[in-house]
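Values reported hereafter were calculated over all heavy atoms of this structure, with side chains retained and with hydrogens, waters and symmetry mates removed.
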Amino acid sequence: MYEHPFTIKEVAWLLSIRCLDGGSAQEFPVECPYCGDTRGKCSFCVSKNGEMKNVFNCFHCGESGNMLTLYADIMGFYGADRCKEAYQDIRKRLELNRQVTGNGYKKMTASSGMKEVVPKKSPEYLDFVYRELLSLLKLQERHRQDFKRRGAADIEIKELEQKGYKSIEPENSVSIAEKLLEKGLRLDGVPGFFRNRDGMWEAAFYEGNQGYLCPVYSLDRKIAGFQIRVDNPINHRKYIWFTSSGFSGGTSSGSPAGVSGYISPVQRSIHVTEGILKAELASLRSGYPYIGIPGVGNYKSLFPVLADLKSRGLQTVYECMDMDKMMDLTCRCDCMEKCIVCGTPERLLRKQECPQKRRKRDTIRKGCLKLYDMCERLGLNCQRISWDTDADGLWLGNYKGVDDWIYSKPPEEKESFY
C-alpha cells in the first residue's frame with residue numbers, strides 16, 4: 001500500500017486544529033473542525049493495528065473522511081480533483097516550512113520538529129495590526145483593472161480600496177514587518193507574520209501568492225483576517241489565506257466568515273454566498289448585507305454569526321450559492337480536460353448524464369444542505385435564491401455567481417431579484 005509522506009497529524013497541524021487531552025500518538029481527540037465540539041466526540045486516527053489509516057470521524061455532527069478530504073473541506077477545494085489538489089497543497093506548504101531532508105520528507109511528530117503553536121492574538125489586537133498593515137500598502141493598477149473587469153465603477157473601486165483591498169508586495173515582506181515593529185507592535189500570534197530562517201520577522205508575501213488582499217470583517221466590523229486573490233491560481237485555486245501556520249512565531253488564520261454591508265441593530269434578513277470578495281461585491285452593488293463563507297463546505301465559522309444575528313432579530317437567510325447548484329447534468333463534452341479522462345463522448349449523442357457535473361453539483365448541494373440544517377437548528381427561515389435559469393429551473397450557464405448576476409443586470413431587475 002502506498003504511504004503518503006505525511007500523516008493526518010501534520011494535516012491537523014497545518015490547519016491549526018486543536019488537539020484535546022487524552023488519546024495516544026496514533027489516535028487522539030480534537031476540537032471538531034466542522035461543528036466545533038470539544039467533548040472528544042471527534043477523533044483523528046493515524047494508524048491502527050500497524051496499518052496506516054489517516055482518517056477522522058465526529059460522532060457529534062457525523063462528518064468523517066480521510067486527511068485529504070479533511071484538508072479539501074477546510075481549505076475550500078471541491079470538484080473531482082479536490083483530493084489531488086489537497087495533496088499537492090499540503091506538500092507545498094510542508095516544503096515552504098522546510099520540512100524536507102534530501103528527497104524525502106521529515107515526518108513531524110510531537111517530538112520531531114513541529115513548531116510550537118502560538119496562540120492567536122485577540123480580535124481587537126488583530127484588527128489594529130491589520131489596519132496598520134493596510135496603511136503601508138496600496139492597490140496597484142493591474143488589480144484596479146481586475147475590479148473594472150468585474151463591472152465595478154471607479155467610485156466602487158475607491159470604496160473597496162478604503163475597506164482594505166490592497167495589493168501585496170513580496171519584495172517588501174521583511175521591510176513591512178520592520179515598519180510595524182518600529183511602531184511598537186508585536187507580531188507573534190498574528191496570522192500572516194512569522195520569523196524567517198534569519199530570525200527576522202516577515203509578512204507571508206511571496207511571488208507565488210502575488211495578488212491583492214481581501215479583508216474578512218467580523219460582525220462588529222473588525223478585520224479578522226485576509227484572503228489573497230492570487231494573480232496566478234495555485235492548483236486552480238484563486239484564493240488562499242494570509243496565514244503563517246507552522247512557521248516560527250506564526251499561527252493559522254482559521255477560516256472566518258466575512259460580513260459585508262451595513263448590519264442594522266435589528267437585522268431581519270441576510271444573504272449568504274461562497275467567497276469573501278463575492279459577498280463584498282454583491283453587497284456593494286445591491287445595498288444588502290451579505291455573509292461570505294470561505295468554501296461551500298466550510299460552515300463552522302458561519303454558525304456563531306447567524307446565532308448572534310438571531311439574537312438581534314434575524315428571521316430569514318437567503319442562500320445565494322453559485323448556480324452550479326442548478327446545473328444541467330446532460331453531457332455536452334464541455335468539461336475540457338476532464339472529458340479526455342471520461343473517454344465516453346457517446347454520452348453527448350445519447351444525452352446521458354455527465355459524471356463530472358454530477359460530482360460538482362452534488363458537492364455544492366451538500367454544502368447548501370448544511371446551511372439549511374443550520375438555519376433549522378436556529379429556528380431561521382432559509383430561502384434558496386436562483387438566477388439565470390430556464391423554464392425548468394436549470395442554470396443557463398451565463399452568470400455563475402450572485403455578483404456576476406447583479407453586475408450584469410439593470411437596476412430594476414436587481415430589485416426584483418429580492
May I ask you to say whether [X] pairs ionically with [Y], meaning some side-chain N is under 4.0 Å from a carboxylate O?
X    : Y    : result
K183 : E132 : yes
E85  : R82  : no
E202 : R195 : no
K360 : D324 : yes
R150 : D404 : no
D154 : K158 : no

Does any part of the side chain of [Y], heavy atoms only, come nearer than 4.5 Å to the side chain of [X], both counted from C-beta?
X    : Y    : value
V272 : E319 : no
D403 : L284 : no
L281 : Y407 : yes
M326 : D390 : no
L133 : L137 : yes
Y71  : I90  : yes
L329 : R361 : yes

Please check this pair: side chain of [X] against backbone of [Y], looking for a donor-acceptor N/O pair closer than 3.5 Å.
X    : Y    : result
K53  : K48  : no
T363 : R359 : yes
D81  : K84  : no
K357 : M327 : no
N172 : I176 : no
T243 : S253 : yes
R285 : I406 : no
D127 : I223 : yes
N54  : I8   : yes
K310 : C375 : no

Pair [X]-[Y], side-chain donor/acceptor within less than 3.5 Å:
X    : Y    : value
D146 : Y212 : yes
S175 : E178 : no
E280 : S283 : no

>> E159 vs K163, test: salt bridge (Lys or Arg N to Asp or Glu O under 4.0 Å). Steps then yes/no.
In response: CA-CA 6 Å; E159 186 172 347; K163 288 184 176 181; 3.7 Å; yes
Sequence neighbours excluded, the answer for side chain to side chain donor-acceptor pair (under 3.5 Å) partners of R221 is none
Those residues at least two apart in sequence (or on a different chain) that pass side chain to side chain donor-acceptor pair (under 3.5 Å) with K222 are D220
Notebook entry, point to check: Please walk me through it: do R358 and E353 pass salt bridge (Lys or Arg N to Asp or Glu O under 4.0 Å)?
Noted result: CA-CA 8 Å; R358 164 63 70 180; E353 182 179 292; 3.0 Å; yes
- Can you list the steps and then say if Y288 with I270 is a side chain to side chain contact (heavy atoms under 4.5 Å, CB included)? CA-CA 8 Å; Y288 292 98; I270 195 80; over 6 Å; no
Which heavy-atom pair separates [X] from [Y] by the least distance, and what is that distance?
X    : Y    : value
K300 : P33  : CD-O, 3.0 Å
P289 : S269 : CG-O, 4.1 Å
S301 : P294 : OG-CD, 4.5 Å
A257 : I293 : CB-CG2, 4.4 Å
I168 : Q140 : O-NE2, 4.1 Å
L134 : G164 : CD2-O, 3.4 Å

Could you tell me whether [X] atom [atom1] has more than 12 heavy atoms of other residues or ligands within 6.0 Å of it?
X    : atom1 : result
K121 : NZ    : yes
K41  : NZ    : no
L369 : CG    : yes
Q145 : CD    : yes

From [X] [atom1] over to [Y] [atom2], what is the distance, rounded to the nearest 0.5 angstrom?
X    : Y    : atom1 : atom2 : value
W405 : C320 : CH2   : SG    : 10.5 Å
C368 : K366 : SG    : NZ    : 12.5 Å
W241 : I228 : CH2   : CD1   : 10.5 Å
M67  : T69  : CE    : OG1   : 10.0 Å
Y262 : S264 : OH    : OG    : 5.5 Å
S248 : N196 : OG    : CG    : 9.0 Å

inquiry  = Evaluate K370 against E63 for side chain to side chain contact (heavy atoms under 4.5 Å, CB included), listing each step before the verdict.
reply    = CA-CA 11 Å; K370 289 183 179 179; E63 290 288 347; 3.1 Å; yes
The residue among L309, I263, D308 that forms side-chain contact (heavy atoms from CB on, under 4.5 Å) with L314 is L309
Suppose we call two aromatic rings close when their centres sit under 6.0 Å apart. Are Y87 and F6 close by that rule? yes
Requested in this report: Could you give me the CA-CA distance, side-chain angles and deciding distance for R384 and K325, then say whether side chain to side chain contact (heavy atoms under 4.5 Å, CB included) is met?
Outcome: CA-CA 10 Å; R384 168 172 287 177; K325 65 192 176 189; 4.2 Å; yes
Across all chains, not counting sequence neighbours, the ring-ring contact (aromatic ring centres under 6.0 Å, His included) partners of F205 are F242
(request) Could you walk me through whether S167 and L139 pass side chain to side chain contact (heavy atoms under 4.5 Å, CB included), step by step? (result) CA-CA 5 Å; S167 304; L139 183 65; 4.0 Å; yes
Do the ring planes of F147 and Y165 sit parallel (below 30°), tilted (30 to 60°) or perpendicular (above 60°)?
perpendicular
When D328, T389, D388 are each screened for side chain to side chain donor-acceptor pair (under 3.5 Å) with W395, the one that passes is D388
Intermediate values then yes/no, salt bridge (Lys or Arg N to Asp or Glu O under 4.0 Å), R144 and E141: CA-CA 5 Å; R144 194 180 301 276; E141 183 58 31; 3.7 Å; yes
